[in-house]
Structure formats: C-alpha cells, structure tokens
Amino acid sequence: MNTSARPTLSHAFAEALPELVREARGADFPNPRLVVLNEPLARELGLDPDWLRTPDGTAWLTGAGGGHAIAYAGHQFGQFVPLLGDGRALLLGDIAGREIQLKGSGPTPFSRPGSDGMGAIGPMLREYLVSEFMHAIGVPTTRSLAVLDTGATVLRRQGAVPGGIVARVARSHLRVGTVQFAATQSTELVNKVVGAAGADSPAQLLRDVLDRQLELVVRWMRIGFVHGVMNTDNTALSGETIDYGPCAFTERFTGSASFSSVDTGGRYAFGNQPNIIAWNLARLAEALLGVMERSEAEAVLGTIQQRWDHYWERHFAGAEGIGEAADITTFNRESGGPIFIPRNRMLDSALTAVERDGDYGPYTELLTAVTDPFNPQAGPEWMARPEGDEEPFATYCGT
C-alpha cells in the first residue's frame, strides 16, 4: 500500500440503498490519538498499520474524510420507533468485503435532540475487547479495528470522562430495523433491502436470518453472555453480534441475570434472550408482509422451536450438568470452553483505570488474555477465577 495515501474504500451500501443514507463527517477533535490498534485485522483488510498510526491515518479514523449515516427503525424495549438511525455512527465504506463504521465520531443528521454524538472511552474499549473475545471463541460478531481517545471530554453519569471512538468492522450493517424502516416507505425499498442482504427472496431472507440469529443466541447462552439491549435495530441480518453497549456475562446459569442500566424491567435478562429473539424474528416477518404471503411467513416462523432445539442440542452437547453448575464459566473451561473471559468487575476495573488515571496496563493485560482465551499462558491464573454474581453490577452504554 502507498502509505502516503488514504485507503480506497467502496461505498456499496450507499450505492445500493441511497434512500437509507445521509452524508456526514466526523467532528473536529482537538488532539485525537490511537490507543488500541488491531494490527492483524488491519492487515486482513489491506490496511497499513503504520499508516493508521500517522496523523493522517488517525484523522481518517475520526471520520475527517466523511462517510454516511444510516437510517433504520426499530422496536426499543417493545415500543416501535419509526426512525432511529445512526446518531453517533459513521459508515466510512467497505473494503475486502467488510464495512468499516465509526462509533462516537460526532453528531449526524439522525442524532436526537440534545445528543452530542460522542462516545466515552470506557464503552468504546469495552466493545473492542468483548467483540474480539467473541471472535476468538468463534461466536459470529462484528469486530473492532481500533479505539481512539478523541482528546475531547464528554459528560456522562460519572461526570467528565475522556471521549472515545471505536472503529467497527462488519459483514453488513443491515438490521431487522432496516427492513422495518423500509416497510414504512415502500415495498420497492423493502425488496431492495432484501436484495442488498444477498437473499433471493423475502422468504429466503426470513429463513436465513432465523437460522443465523437462533444459533447466535444459543451460543450466547452457552458462554453466559447477556447482550443487554436486544432491540430490533440491534439484530443484524448477517447474524453477527452487534452493539456491545451494556453487555455483560453471567457466571451462573440464572435466567434473571440482568446487568444493563437501561433495562430496568429486565426485558433482556439472560433467560429471556431466546424468547426475545423469537419476538424480533416475528417483527422481521411483519415488516416483510408487504412483499411475501402471510401464510409463507407464518410457515417459516413455525419452525422456530424446531430450529432452536436443533442448535441447542448442537452447542450444548455434553453439557447436561450446566444448569446446576455453580459457575458457568468454570464449567465451560473444564469441558473445553475458554479459560479467560471478560469477567464483569475485572473489565470494569480495567476501564476505570483508563478513565480516571489514563492507565492502560490492566486493560492491555486483560485484552491479551481474552483474545487468546484457550491458552493458559495468555494471562495470570487469577484472571480465570470466578468473581461471583452476588453483588449488584450494572453496565452503561456510553451515550
């Protein structure tokens, strides 16, 4: 790569679905600096890590060169919102078959009144670490290319904290909420979204998303992952885990486990995730009714229990005692699962060290362990110990 030039990105999303995008650019930040860079992923995408570390590369990772904000709708905690959209995210474009999107890069045409469009450094670092852990253990997920400290200060619940941006990489940023928004516009736009998602027909899209999402949630359940905000706009058509805002891990197979500060009613508690994904899939079917027969949609939805059972048996084979396990993560470790996971308080402590003291040492140590999670030499032994779920714990999404 010519390191004097920015990478050349394609803009397949904007070209295929111009009705869903608005041009935007990142905010002007006082002194942005790269604090974490995923060099293997950068090279996989054909990006030069050395160039990304230059002032020009850093500016590119703040969205200075512009991009697109995407429109979508969604059911948020069960309530339909006809227009949401990227209020603090910027799609730079696609390269090597994957899209690069920034989170926390500033306001867009879809930002809500009063929103600063920025990210706080802690949640951006959480997304980087947890998404790369999920990738390391083979769970379909968006990935993280980099995290930047913007040099700006943002006001959040804990007061003034450093601002941050995470560069996210995804096969596609199409969501159930994208289809829902298209359905409020025209059947023509719905069909365009179906095509952009790579499906031959609406029925094929529904079947594919059903399979991908059911298997994904089964895999979440196996490792004790609690997404925390399973709105339909956070349900990717690709079947990748997306949006790690208030996510956490339960150490016990406890259905009521809920850690998200915004999920006050426990709608998205650990044990509710299977029913919620089924509900979200029904909302996808509803959004497709303008372009497919109701009987066809109902027939596909009627296979949910059968498909769920299939994936449950596949991923929980040999795990008959997991429901009685005192510690789900220890159970998985002893039965061939990961040795290191991003335990809640461990990660929270590491993020606090960054926010309060600018100390990246604990974060880097934990990141090294969880991105090589099956290697007992990747981290100290204490990182593999259970923390216990007895004490209250909450996660915050950074907006």
Side-chain angles (χ1 to χ4, degrees), residues 13 16-17 19-21 70-86 99 139-142 170-221 227-243 267-268 272-312:
F13 192 114
L17 299 166
E19 303 92 335
L20 299 183
V21 299
I70 305 171
Y72 47 83
H75 278 86
Q76 296 198 314
F77 296 91
Q79 301 300 313
F80 184 66
V81 182
L83 177 60
L84 292 166
D86 291 331
E99 297 172 349
V139 175
T141 181
T142 57
R171 287 168 50 202
S172 169
H173 283 87
L174 292 171
R175 316 150 186 261
V176 170
T178 311
V179 183
Q180 290 180 299
F181 175 78
T184 69
Q185 305 299 302
S186 67
T187 55
E188 179 186 8
L189 185 55
V190 174
N191 278 322
K192 288 180 70 173
V193 172
V194 171
D200 295 331
S201 67
Q204 184 64 54
L205 178 67
L206 185 58
R207 285 192 294 268
D208 288 348
V209 177
L210 184 148
D211 269 333
R212 294 165 187 161
Q213 283 293 333
L214 291 179
E215 183 168 20
L216 178 66
V217 175
V218 167
R219 298 184 74 158
W220 290 356
M221 302 296 285
H227 186 278
V229 62
M230 287 178 67
N231 296 326
T232 57
D233 54 291
N234 290 331
T235 304
L237 301 185
S238 66
E240 294 174 303
T241 310
I242 190 170
D243 195 340
R267 176 182 174 87
Y268 299 138
N272 290 347
Q273 292 180 139
N275 286 335
I276 289 296
I277 197 57
W279 192 88
N280 288 355
L281 291 167
R283 304 292 78 73
L284 173 60
E286 286 178 351
L288 290 168
L289 286 180
V291 294
M292 68 182 296
E293 295 295 328
R294 179 177 293 274
S295 59
E296 193 174 22
E298 290 175 345
V300 176
L301 292 178
T303 67
I304 285 179
Q305 187 64 56
Q306 174 189 353
R307 300 305 294 164
W308 175 265
D309 292 343
H310 167 75
Y311 291 121
W312 187 271

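Not measured: the values here are computed from a predicted model. All residue numbers refer to positions in the sequence shown, counting from 1. Side chains are part of it too, since the values below use all heavy atoms of this structure and drop only hydrogens, waters and symmetry mates.
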Review point. Do the non-hydrogen side-chain atoms of Val81 and Asp233 ever get within less than 4.5 Å of each other?
Key: no

Those residues at least two apart in sequence (or on a different chain) that pass side chain to side chain contact (heavy atoms under 4.5 Å, CB included) with Asn275 are none

- prompt: So, do Glu240 and Arg171 sit near enough that their side-chain heavy atoms are less than 4.5 Å apart?
  reply: yes

Report yes if the side chains of Gln76 and Leu84 come closer than 4.5 Å at any heavy-atom pair, otherwise no. yes

- Task: Classify the side-chain pair His75/Gln180 by whether it contains a donor and acceptor separated by less than 3.5 Å.
- Result: yes

Using a 3.5 Å distance criterion without hydrogens, assess whether the side chain of Arg212 forms a donor-acceptor pair with backbone atoms of Leu237. yes

The reported gap from CD1 in Ile242 to NE2 in His227 (rounded to nearest 0.5 angstrom) is 8.0 Å

Applied to residues 289-302, the salt bridge (Lys or Arg N to Asp or Glu O under 4.0 Å) test, sequence neighbours excluded, yields none

ask   = Do the side chains of Leu17 and Leu174 get nearer than 4.5 Å, heavy atoms only?
value = yes

When rounded to the nearest 0.5 Å, the distance separating CG of Asp211 from CH2 of Trp308 is 12.5 Å

Hey, does Asn191 have a side-chain heavy atom less than 4.5 Å from the side chain of Pro202?
-> yes

Exercise for the section: Using atom types as modelled and distance alone, determine if a side-chain donor or acceptor of Thr241 lies under 3.5 Å from a backbone N or O of Pro140. Expected result: yes

*Is Gln204 close to Asp208 at the side-chain level, that is, under 4.5 Å between some pair of heavy atoms?*
yes

Any Val193 side-chain heavy atom under 4.5 Å of Tyr72 side chain: no

*May I ask you to establish whether Arg267 and Phe77 are in a cation-pi arrangement, using a distance under 6.0 Å from NZ or CZ to the six-membered ring centre and at most 45° from the ring axis?*
no

Problem - Any side-chain donor near an acceptor of the partner, Asn280 and Thr232, under 3.5 Å - result: no

